[in-house]
Undergrad: 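Got a structure for you, questions after.
Source: prediction; values computed, not measured.
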Amino acid sequence: MKRQTAFLTICIFALTVFACSQQKKPRPSQPASAECKLADGKTIKTDYSTPHVKDPNTGEPRKMLGEHEPYGQVWRTGANEATTFVTDTDLTVNGKDIPAGSYTIFTIPNPDKWTLIINKKTGEWGIPYKYEGDELARVDVKVSKLPAPAENFTIAYDKSAGGCALRLDWETTRASVDISAK
């Protein structure tokens, strides 16, 4: 009887540990979304996770661009899963034609210029980047200095006469590119 009780106790303990390990833990980089409303009700929607300058485990500030996310290397442009870029209309992004569809975006940050990569492959984690064969376009992105530091990485769209400007803000850097409906 004691063996059965011990065995049963071990089984209950193991099931409890397994069940607890299956619960979703909150991610340090929370999900976020940005949207651009174009003419005729057409939209561009971007879903991403927003990393922070402060380390989520220690609370200590980190140098993100150029160190944690090295210059000259492909970055998933956010955290966790790759950042999505979904449009229900054909677009022009800095002179490159992008048909309506679902894509992921990556960037290559540099101090003076970024490159935006629009990729046809969707649903991937994000890094390491091994999707060159699925690239739809690479476009140059303007870089400027933010008026105040940004703790959280943020993607936003600013309305413009011909469409929107996609804006990526983090630390003291703003990267932006013009997007218009075709």
Undergrad: Roughly how far apart are Asp134 CG and Ile118 CD1, rounded to 0.5 Å?
TA: 14.0 Å

Undergrad: Are Glu124 and Thr104 close enough that a side-chain donor and a side-chain acceptor fall under 3.5 Å?
TA: yes

Undergrad: Under 6.0 Å between the ring centres of Phe153 and Trp75?
TA: yes

Undergrad: To the closest 0.5 Å, what do you measure between NE2 (His68) and CG (Asp55)?
TA: 7.5 Å

Undergrad: Does any part of the side chain of Thr77, heavy atoms only, come nearer than 4.5 Å to the side chain of Leu168, both counted from C-beta?
TA: yes

Undergrad: For the side chain of Ser160 and the backbone of Gly163, is there at least one donor-acceptor N/O pair under 3.5 Å apart?
TA: yes

Undergrad: Do side-chain atoms of Glu171 reach the backbone of Met64 as a donor and acceptor pair under 3.5 angstrom?
TA: yes

Undergrad: Same cluster for Tyr103 and Tyr131 if Ile/Leu/Val/Met/Phe/Trp/Tyr side chains link at under 4.5 Å?
TA: no

Undergrad: When you compare the side chain of Phe85 with that of Lys45, does any pair of heavy atoms fall below 4.5 Å?
TA: no

Undergrad: Can you confirm whether Leu146 sits close enough to Thr173 that some side-chain heavy atom of one is under 4.5 Å from a side-chain heavy atom of the other?
TA: no

Undergrad: Can Thr84 and Thr122 be said to form a side chain to side chain contact (heavy atoms under 4.5 Å, CB included), step by step?
TA: CA-CA 8 Å; Thr84 65; Thr122 60; over 6 Å; no

Undergrad: Does the side chain of Thr83 reach to within under 4.5 Å of the side chain of Ile155, using non-hydrogen atoms?
TA: yes

Undergrad: Can you tell me if NZ on Lys63 sees more than 12 non-hydrogen neighbours from other groups inside 6.0 Å?
TA: yes

Undergrad: Would you confirm whether Asp88, through its side chain, and Lys42, through its main-chain N or O, come within 3.5 Å as a donor-acceptor pair?
TA: no

Undergrad: According to a 4.5 Å side-chain heavy-atom criterion applied to Ile, Leu, Val, Met, Phe, Trp and Tyr, with indirect links allowed, do Leu166 and Val86 form part of one hydrophobic cluster?
TA: no

Undergrad: Between Thr46 and Tyr157, does the side chain to side chain donor-acceptor pair (under 3.5 Å) criterion hold? Intermediate values first, please.
TA: CA-CA 9 Å; Thr46 302; Tyr157 290 95; 2.5 Å; yes

Undergrad: With distance as the sole criterion, is a donor-acceptor pair present between the side chains of Ser33 and Asp47 under 3.5 Å?
TA: yes

Undergrad: Taking all non-hydrogen atoms of both residues, which atom of Gly162 and which atom of Ser180 are closest, and how far apart?
TA: O-CB, 3.1 Å

Undergrad: Side chain to side chain contact (heavy atoms under 4.5 Å, CB included) between Thr154 and Trp170: does it pass, once the steps are laid out?
TA: CA-CA 7 Å; Thr154 304; Trp170 205 14; over 6 Å; no

Undergrad: Keeping the roles fixed (side chain from Asn94, backbone from Asp140), state whether a donor-acceptor pair exists under 3.5 Å.
TA: yes

Undergrad: Hey, is Glu60 close enough to Arg62 for a salt bridge, meaning N to O under 4.0 Å?
TA: no

Undergrad: Which pair of heavy atoms, one from Tyr71 and one from Asn110, lies closest together, and at what distance?
TA: CD2-CA, 3.4 Å

Undergrad: With a cut-off of 6.0 Å (strictly less than), are more than 12 heavy atoms of other residues, nucleotides or ligands near CG of Asp40?
TA: no

Undergrad: For salt bridge (Lys or Arg N to Asp or Glu O under 4.0 Å), just list the numbers for Asp158 and Arg167, CA-CA rounded to whole Å, side-chain angles, deciding distance to a tenth of an Å, and then say yes or no.
TA: CA-CA 7 Å; Asp158 296 326; Arg167 180 170 43 88; 2.9 Å; yes

Undergrad: Any Lys/Arg nitrogen of Asp169 or Arg174 sitting under 4.0 Å from an Asp/Glu carboxylate oxygen of the other?
TA: yes

Undergrad: List the atom of Pro109, the atom of Pro70, and the distance in Å for their closest heavy-atom pair.
TA: CG-O, 4.2 Å

Undergrad: Do other residues, nucleotides or ligands put more than 12 heavy atoms under 6.0 Å from Lys159 NZ?
TA: yes

Undergrad: If I compare all heavy atoms of Lys54 with all of Glu151, which pair ends up nearest, and what's the gap?
TA: N-OE2, 2.9 Å

Undergrad: Would you mind reporting whether Phe106 and Leu116 have side-chain heavy atoms less than 4.5 Å apart?
TA: no

Undergrad: Taking atom OG1 of Thr50 and atom CG of Asn80, what is their separation to the nearest 0.5 Å?
TA: 10.5 Å

Undergrad: If Ile, Leu, Val, Met, Phe, Trp and Tyr residues are connected whenever their side-chain heavy atoms lie under 4.5 Å apart, and connections chain through other members, are Ile117 and Ile98 in the same group?
TA: no

Undergrad: Less than 4.5 Å apart, any side-chain heavy atom of Thr115 and any of Val141?
TA: no

Undergrad: Are a donor atom and an acceptor atom from the side chains of Tyr129 and Asn119 found within less than 3.5 Å of each other?
TA: yes

Undergrad: About how many Å separate CG of Leu91 and NZ of Lys182, when rounded to the nearest 0.5 Å?
TA: 9.5 Å

Undergrad: If you take all heavy atoms of Ala156 and Ala34, which pair is closest and at what distance?
TA: CA-CB, 4.0 Å

Undergrad: Does the side chain of Arg138 reach to within under 4.5 Å of the side chain of Ile108, using non-hydrogen atoms?
TA: yes

Undergrad: Begin from the C-alpha positions of Lys37 and Glu35 and carry the test salt bridge (Lys or Arg N to Asp or Glu O under 4.0 Å) through to its verdict.
TA: CA-CA 7 Å; Lys37 294 207 181 286; Glu35 187 173 86; 2.8 Å; yes

Undergrad: Is Glu69 paired with Arg76 through a side-chain N to carboxylate O contact shorter than 4.0 Å?
TA: no

Undergrad: Can you tell me how far apart CD1 (Ile179) and NZ (Lys96) are? Round to the nearest 0.5 Å.
TA: 14.5 Å

Undergrad: Does any part of the side chain of Leu38, heavy atoms only, come nearer than 4.5 Å to the side chain of Thr89, both counted from C-beta?
TA: yes

Undergrad: Looking only at heavy atoms, which two atoms of Glu135 and Lys120 are closest? And how far apart?
TA: O-CE, 4.1 Å

